A.B. asks: 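Let me begin by handing over the structure; questions about it come next.
Nothing here was measured: the structure is a model prediction, and the numbers come from that model. In what follows, every chain begins at residue 1, and chains take the letters A, B, ... in the order their sequences are listed.
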Amino acid sequence: MSHPEPHIRVEDLTMAYGSYVLQRDLTFTVNRADIFIIMGGSGCGKSTLLRHLVGLKEPARGRVSYGQTDFWAAPAQERDRIMRRIGILYQSGALWSSMTLAENIALPLREYTRLGAGEIQDIVELKLALVGLAGFGDYYPSGISGGMKKRAGLARAMALDPEILFFDEPSAGLDPVSARQLDDLILELRDSLGSTIVIVTHELASIFAIGSNSVFLDPDTKTMIAGGNPRQLLQETRDPKVRTFLTRGEQ
Amino acid sequence: MREHAADKTSRTPCNRVQVLRQGDTACLRLAGDWSIQRDSADADAALQALRAGSARAVVFEASELTGWDSSLITFLLKTLAQCRERGLSVDTAGLPQGVQRLLGLATAIPERSGARKTLKREPFLSSVGSQTLALLDAGRDMLTFLGEVTVALGRLATGRARFPKAEFFAILKTCGSEALPIVSLISLLVGLILAFVGAVQLSMFGAQIFVASLVAIAMVRVMGAIMTGIIMAGRTGAAFAAEIGTMQVNEEIDALQTMGVSPMEFLVLPRMLALVIMMPLLCVYADLMGILGGFIVGVGMLDLTVTEYYQETVRSISLTNLWIGLFHGAVFGVIVALAGCMRGMQCGRSASAVGTATTSAVVTSIISIVIATAIITIVCNVLGI
């Protein structure tokens, strides 16, 4: 990682619902193979920022670029192409409830590859095995636990071997051990597949364990007030808000 | 349990607060058991007494306090707020430790300015204006949705759309064969009712035989379609809205979009096509059932013979009537499917939003069905068919 190569660039981004501005003037870069953390207190717009990054919500102002391409200025086909290269794990898993886990994972493969049914089946089994759910392919999302749904959601997000994986609160609702296992899995994915990873979280343990870069959103000033490697940030920051957050208010 | 009930009904408060004056200092003496289950008759009176007095400082005395919960805390918070307003100094040292800590916790973080929602009373004209604008917005949303569906249909027609075949057949089944029992029941009864109503009038002229043509024409031309449309609005349109709305709540629609799968092609198109195919078929079936209902009345009560009734029915139904009925059915199919899917897609992200979406899908469908019927009837009239 001697030459960090920018993967996602956000410039002067303003996020708003109607006339209500959530965050303004956000500028940061996510480098290739980063594990990039979006953090901040509850209600500061972390998940909304994620929705902007993955193309679900158009910015009120500013740019989100993937590589050299300005996402919102690009034609629809180009946007589709970019979105196909990203995978997202939603907070609740967001598995399609009318399909089995295997069908959930197979859907993007059927849509975007020319693989035959047998090959798709093999890939589905591989992805399920990677997240520790081998043999659960025929279960419906309603029949498995919350932690399993999350892992199945991750298997689906990985279906097309995406370059960028987004995680919305991956450890929310997981017990500490499962949360830790998920963190390990994320690190493993980054190392073995070279994926860029963007995580929305306020789980301090995960932030310090895996984060390599970050942005801190503040709901009061409605903008980002810190960024960088979370461990360095903890050492160096002078901002009382960031300090309070990173130390759980103990210092 | 019994004691508890007695407590609730007794009007004598068990908790007491008295305001005692000691020079410049007002002492609030708290006594008894403060519980949210009991009346607190003199709390307001104490606040009033405090307001009326000219004390400079307030202290508390709680040696006779036997029990307390949130009711005491809220009372104390009100007292503290009043003291702050009037610039009185307050010493809470006389209160139990737990109470002091809770008071500290409740006042530690000041209210975030602008966090509380303010209820603004809008002037009449302004509210008329904003509601009109909201109506325009709703209309624009509806047109946008129609446009998106049309684009998706265009893509399907040119073979570029992703069409989930398996799901399509499943929907075909739920909105087709599984609707047969209720459609049978309702249209049979509607046929019966039509026959009865007609029989009362027609038998006055000895023209019972025309009950057959009355039932046949009414059912085939419009009633069969309307009844099926309304049944399907309540049955299938509501199901579409609830299903898609719940997917919206679970972020499943987001997941589709970010996978690059258009929800229009994947969710809306199969539902709409299934209903457009099934509605006319259900209509024909409803027509038959309605005619059977009329037949039961005609043969059973009006002493018509089976052959008479049959021949009169066949004579009165023209192919035009059948086509008009089928056209109604197809239009209602589009309406019910569009209303259901649109309200589902517009659904907010909470459980109550799903309920609202479902209700609004049924209401939209039924209103649109009635309006569409009126328009088709007028057009047919003008065209003379």
A.B. asks: What's the verdict on side chain to side chain contact (heavy atoms under 4.5 Å, CB included) for B:Val261 and A:Glu111, showing C-alpha distance, side-chain angles and the deciding distance?
C.D. replies: CA-CA 8 Å; B:Val261 179; A:Glu111 296 297 330; 4.1 Å; yes

A.B. asks: With a 4.5 angstrom heavy-atom cut-off, is it the side chain or the backbone of A:Arg156 that approaches chain B, or both, or neither?
C.D. replies: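 Answer is both: backbone and side chain atoms of A:Arg156 are under 4.5 Å from chain B.
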
A.B. asks: Taking everything shown except B:Phe163 itself, do over 12 heavy atoms lie less than 6.0 Å from its CZ?
C.D. replies: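 Yes - once you tally the heavy atoms of other residues, nucleotides and ligands closer than 6.0 Å, there are more than 12.
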
A.B. asks: Donor-acceptor pairs under 3.5 angstrom involving side-chain atoms of residues 124-133 of chain B: please list them, not counting sequence neighbours.
C.D. replies:
{"residue": "B:Ser126", "atom": "OG", "partner": "B:Glu122", "partner atom": "OE2", "Å": "2.9"}
{"residue": "B:Ser127", "atom": "OG", "partner": "B:Phe124", "partner atom": "O", "Å": "3.1"}
{"residue": "B:Ser130", "atom": "OG", "partner": "B:Glu122", "partner atom": "OE2", "Å": "3.4"}
{"residue": "B:Ser130", "atom": "OG", "partner": "B:Ser126", "partner atom": "O", "Å": "3.2"}
{"residue": "B:Ser130", "atom": "OG", "partner": "B:Ser127", "partner atom": "O", "Å": "3.2"}
{"residue": "B:Thr132", "atom": "OG1", "partner": "B:Val128", "partner atom": "O", "Å": "2.6"}

A.B. asks: Could you check which of A:Asp80, A:Val54, A:Leu56 has the highest count of heavy-atom pairs closer than 4.5 Å to chain B?
C.D. replies: A:Leu56

A.B. asks: Using non-hydrogen atoms and a limit below 4.5 Å, what part of residues 112-125 of chain A faces chain B?
C.D. replies: A:Tyr112

A.B. asks: I need the contact set between residues 83-96 of chain A and chain B: heavy-atom distance under 4.5 Å, sorted by residue number.
C.D. replies: A:Met83, A:Ile88, A:Tyr90, A:Gln91, A:Ser92, A:Ala94, A:Leu95, A:Trp96

A.B. asks: Under 4.5 Å heavy-atom distance to chain A, tell me which part of B:Met247 shows up: side chain, backbone, both or neither.
C.D. replies: side chain

A.B. asks: Is the count of non-hydrogen atoms from other residues, nucleotides or ligands lying under 6.0 Å from B:Arg235 atom CZ greater than 12?
C.D. replies: yes

A.B. asks: Tabulate, in ascending numerical order, the residues of residues 249-258 of chain B having at least one heavy atom closer than 4.5 Å to a heavy atom of chain A, or enter 'none'.
C.D. replies: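 Heavy-atom contacts from residues 249-258 of chain B to chain A are B:Asn250, B:Glu251, B:Glu252, B:Asp254, B:Ala255, B:Leu256, B:Gln257, B:Thr258.
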
